[in-house]
Chemist: 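Encoded as structure tokens, here's the structure I'll be asking about.
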Amino acid sequence: LTVIFMLCPYSYVVESKIEPFYKGGKVQISKDEKYIFCTCGSRVNVLEISTGKIVHSVEHDDQEDITSFTLSCDDEMLVTASRALLLKQWDWRQAQCTRSWRAIHTVPVASMTFDSTSTLLATGGCDGTIKLWDVVKQYCTHNLKGSSGVVHLIQFHPDISRLQLFSSSLDCGIRLWDLRSSRCVCVLQSHYSAVTSLSFSPDGGTMVSSGRDKICTVWDLETRKAKRTVPVYEAVEGVVLLPEDKDLSEIGVKSKDLHFITAGSKGVLRVWEASTARCVYTQTLPSPLTAVSEVEEERDDDPRSLTFLLHLPASSRLATVTAEHNIVGTDDIFPLCALSQFVGYNDEVLDVKFLGKGDSHIVVATNSCQLKVFELLTNSCQILYGHTDTVLSLDVFKKGFLFASCAKDRSVRVWQMDSDSGQVHCVAQGSNHANAVGSITCSRMKASFVVSGSQDCTVKVWDLPADLSTTGADVHQLTPRATEKAHDKDVNSVAVSPNDKLLASGSQDRTARLWSLAGEGNVGLLGVFRGHRRGVWAVCFSPVDQVLATSSADGATKLWSLQDFSCLKTFEGHDASVLKVIFVSRGTQLLTSGSDGLVKLWTIKTNECVKTLDAHQDKVWGLHVSRKDDKVVTGSADSNITVWVVTETKLSQELSNLLHEKKYLKALGLAISLDQPHTVLTVIKAIRQVENSGELLEKTVLKLRVDQKESLLRYCAVWNTNARNCQDAQAVLQVLLTHLPPEEILQYQGARTHLEGLIPYTERHMQRIGNLLQASMFLNYMWQKMRVAGAPASLHCLQKTIVTVGPSKSSAVEGETVTKILTVNNI
């Protein structure tokens, strides 16, 4: 029963990921409106709109960046162009390249598009040429020259019978090409800056062009003259003509005249009447997000500006792409309300917390002044505006609908999620720190206060109003109830105890401190935890015991007593700073995350790392467990967010069954395949408890595969560092070192390092056992020499029995010692 219990600790497997899928460039939506295609470096990712998950991804073999791509109008073919001047045709559903050919362009392809029949492909190069390809017969049909500079825009006339192609390059003109004669028949001149988008009327007789010169031009394609120039007062990135056969009165369309929608640097969609050049409707954004002002508009990197506008005719919807790489879909053309939003790139994730009913959402702080709230089921995102500088830390109140944030703008904010709609808004804010606020924590029993820690070396306690409901844009203003200079350097972390009576703080000054929150007014210092060699990154109270966990830049995690402030346990295993620590498994295990990109699961009772979760490539700043203790979310500087689910796996159950059936070879092989050193150790202990354990262990270990023996040697190096497990480690080492040739062992990965690490600990164990042997011999000698005057015969018999047992015990210890000596000699 003990073995079975030890084999079923909490472990975690990846349930879902939120990862970067778009870092700028072209975005295209399939005709059936089920998939979004977008570039991400050397890949084109295919995002399923219903789930928000990447379902397909294509990448060139040479891993060169993809400069352009296009999807055919029938959704069957995807063509990509890379910096290596290769064009590739893909069966994107299978992620298989069906054909590749040289682009003939002398420099990379900048733009490409299919005609409405999906048979002609046009590519525009940075060399000023345009080439047309018959993708069915697989040859180049046209080579159009005459453009000046990069051809960044290329589009077929929707009526394929006209065989016309429109293009634009650095000269700001729109060239009309007649494909029958392969000649440029005219250049439409109106813009004084880059032309960004073209949109055609259903009959094909009218075209609207947009540009970054803040104008849109309506063209008569029969006369090839400009009918109207509409000043729109913003750099326009996309334009869409509105259908004439629908009632669009809700967005200001009152007449049958030509109307179009623009998207650009102001960050909102606007409807224009072409005949009067009037803006008849402006999209309303959720408060506090507002349109970009005239001054702000001059900034090229404003996150609210729009870079693409896509029309989805099948559903009468629009999609926009923001400068922050977010893809936003509207519910309908009529109200222009945002329906869903996907975040293409999160940048560096600094903190992440579960949120909402049943932990259905997560709130994420990235290297940005905005907060992002993701719905885990669909990956749809809500962006929260309020802070004016990078948000550094988050914490959530007990019920999960209220959370707090702090930022470099020296402020703290409290946010509330509507339990029905899932919408989040700011309900309170406070600003009283003299420097960036790097950590925040919430009260645990009820939503009564928050505590913040800052780079100004202080902690502040902020009381919350009893009623946090707000009206309109008004928010409650918070003032600190107490301020305390807590440390000599930056305060990196603060935590409130489960009963709301204690506060812990961790600092760059290498200490953690315990404070009393019980009294009114001031925060009282109770004690200091000293022992870390570098700054303390995180502090966390146990949910069940009177202990505090701290993690530090020295690579160690420590457990401290709240009674006498002594260090109870130290957990070492990370190769770099330990950034976060939390309690899981009802307080019996710890999860730590580090700068090495690893998350480690520790069993407190045994001081052992039972699982290492490796899913990130950079610092893991965010680590949080769900309220039910069944999920964990991690966020990293590699822009990835990973949700892990607790698993007491079927493999663990199978392992316990194998041990019960005494099928030790299969059990040991399965334990090694799980890559859990603690589980492997449990199997070794089980083998050594049976009769003829030495022979059985030898037989079992030698039948393992080479890679399994390699893993076993690596585990032995870890077990040997602990006095409780050293005998098991030495027993396995004796089998390996006495039955395998040295040449084979040295072929194992890291064998030399493992063997060198074994020597000092083995010598220490030998010295300890030698001392124990000497002590036991002295006790035997003393016992033999002792005589009890007048003692009954039964006592002398008992004495003889004990004397007989004594040397036997000593012989067992001596036998273990011989094993150690043999091991060292072999090394």
Side-chain angles (χ1 to χ4, degrees), residues 1-3 5-6 559 561 564 566-570 572 603-608 677-678 680-698 700-701 715-739 755 757-827:
L1 288 176
T2 303
V3 171
F5 173 77
M6 291 178 70
L559 282 185
S561 168
D564 56 8
S566 62
C567 179
L568 303 175
K569 287 180 181 286
T570 299
E572 293 182 314
T603 297
I604 294 174
K605 185 176 180 180
T606 62
N607 258 60
E608 289 175 300
H678 179 70
V680 179
L681 179 62
T682 305
V683 177
I684 297 295
K685 287 180 182 293
I687 294 174
R688 297 189 69 232
Q689 287 173 1
V690 302
E691 193 176 348
N692 298 324
S693 60
E695 183 181 339
L696 178 60
L697 181 64
E698 179 182 312
T700 305
V701 169
Y715 298 155
C716 284
V718 176
W719 301 335
N720 197 51
T721 62
N722 191 315
R724 276 176 294 189
N725 303 325
C726 69
Q727 293 188 18
D728 302 297
Q730 292 290 334
V732 174
L733 284 170
Q734 184 181 21
V735 174
L736 293 175
L737 295 174
T738 55
H739 290 83
L755 293 173
L758 283 164
I759 293 174
Y761 283 102
T762 302
E763 290 175 344
R764 187 183 303 173
H765 299 321
M766 286 178 61
Q767 184 180 2
R768 178 175 52 82
I769 293 176
N771 294 336
L772 180 61
L773 181 60
Q774 290 178 7
S776 65
M777 287 298 191
F778 177 73
L779 285 174
N780 288 334
Y781 173 77
M782 291 294 294
W783 182 259
Q784 289 175 1
K785 297 301 181 184
M786 284 195 305
R787 292 290 183 270
V788 181
S794 59
L795 183 58
H796 291 292
C797 291
L798 176 62
Q799 187 180 25
K800 289 181 180 180
T801 304
I802 295 176
V803 169
T804 304
V805 172
S808 175
K809 290 284 185 181
S810 299
S811 299
V813 175
E814 189 175 0
E816 291 293 340
T817 307
V818 170
T819 302
K820 311 305 181 293
I821 296 172
L822 177 63
T823 302
V824 174
N825 287 337
N826 276 283
I827 291 172

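Throughout, numbering of the chain's residues begins at 1 and tracks the sequence.
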Chemist: With Thr721, which residues qualify under side-chain hydrogen bond (donor to acceptor under 3.5 Å, both in side chains), at least two apart?
Modeler: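 Thr721: no side-chain hydrogen bond (donor to acceptor under 3.5 Å, both in side chains) contacts found.
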Chemist: Taking side-chain hydrogen bond (donor to acceptor under 3.5 Å, both in side chains) as the definition, give me every residue that meets it alongside Asn692, ordered by chain and number, with sequence neighbours left out.
Modeler: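 Scan of Asn692 (side-chain hydrogen bond (donor to acceptor under 3.5 Å, both in side chains), adjacent residues dropped) gives none.
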Chemist: Scan for salt bridge (Lys or Arg N to Asp or Glu O under 4.0 Å) pairs involving residues 767-783, sequence neighbours excluded, and state none if there are none.
Modeler: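 Qualifying pairs, neighbours excluded: none.
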Chemist: Using the salt bridge (Lys or Arg N to Asp or Glu O under 4.0 Å) rule, collect all pairs that involve residues 720-729, keeping only residues at least two apart or in two chains.
Modeler: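 Qualifying pairs, neighbours excluded: Lys685-Asp728, Arg688-Asp728.
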Chemist: Does Leu755 reach the side chain of Ile759, with side-chain heavy atoms less than 4.5 Å apart?
Modeler: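 Sidechains of Ile759 and Leu755: no contact.
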Chemist: Only counting residues at least two apart or in another chain, list the ones meeting side-chain hydrogen bond (donor to acceptor under 3.5 Å, both in side chains) with Asn722.
Modeler: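 Expected list: none.
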Chemist: Between Glu698 and Thr738, is the side-chain contact (heavy atoms from CB on, under 4.5 Å) condition met? List the steps.
Modeler: CA-CA 10 Å; Glu698 179 182 312; Thr738 55; over 6 Å; no
Chemist: Is any side-chain heavy atom of Pro677 closer than 4.5 Å to a side-chain heavy atom of Val718?
Modeler: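 No - every pair of side-chain heavy atoms lies 4.5 Å or more apart.
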Chemist: Could you tell me if the side chain of Tyr715 sits less than 4.5 Å from the side chain of Val732, heavy atoms only?
Modeler: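 The answer is no; the side chains never approach within 4.5 Å.
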Chemist: Could you work out, with side-chain contact (heavy atoms from CB on, under 4.5 Å) as the rule, every residue matching Glu608, not counting sequence neighbours?
Modeler: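 So Glu608 forms a side-chain contact (heavy atoms from CB on, under 4.5 Å) with Thr606, His678, Leu681, Asn725.
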Chemist: Please name all residues satisfying side-chain hydrogen bond (donor to acceptor under 3.5 Å, both in side chains) with Ser693, sequence neighbours left out, ordered by chain then number.
Modeler: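 Scan of Ser693 (side-chain hydrogen bond (donor to acceptor under 3.5 Å, both in side chains), adjacent residues dropped) gives none.
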Chemist: Which residues satisfy the side-chain contact (heavy atoms from CB on, under 4.5 Å) test with Leu779, sequence neighbours excluded?
Modeler: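 With sequence neighbours excluded, Leu779 shows a side-chain contact (heavy atoms from CB on, under 4.5 Å) to no residue whatsoever.
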Chemist: Which residues satisfy the side-chain contact (heavy atoms from CB on, under 4.5 Å) test with Glu572, sequence neighbours excluded?
Modeler: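 Expected list: Ala556, Thr570.
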Chemist: Does Arg764 have any side-chain contact (heavy atoms from CB on, under 4.5 Å) partners at least two apart in sequence or in another chain, and if so, which?
Modeler: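 Arg764 satisfies side-chain contact (heavy atoms from CB on, under 4.5 Å) with Tyr761 only.
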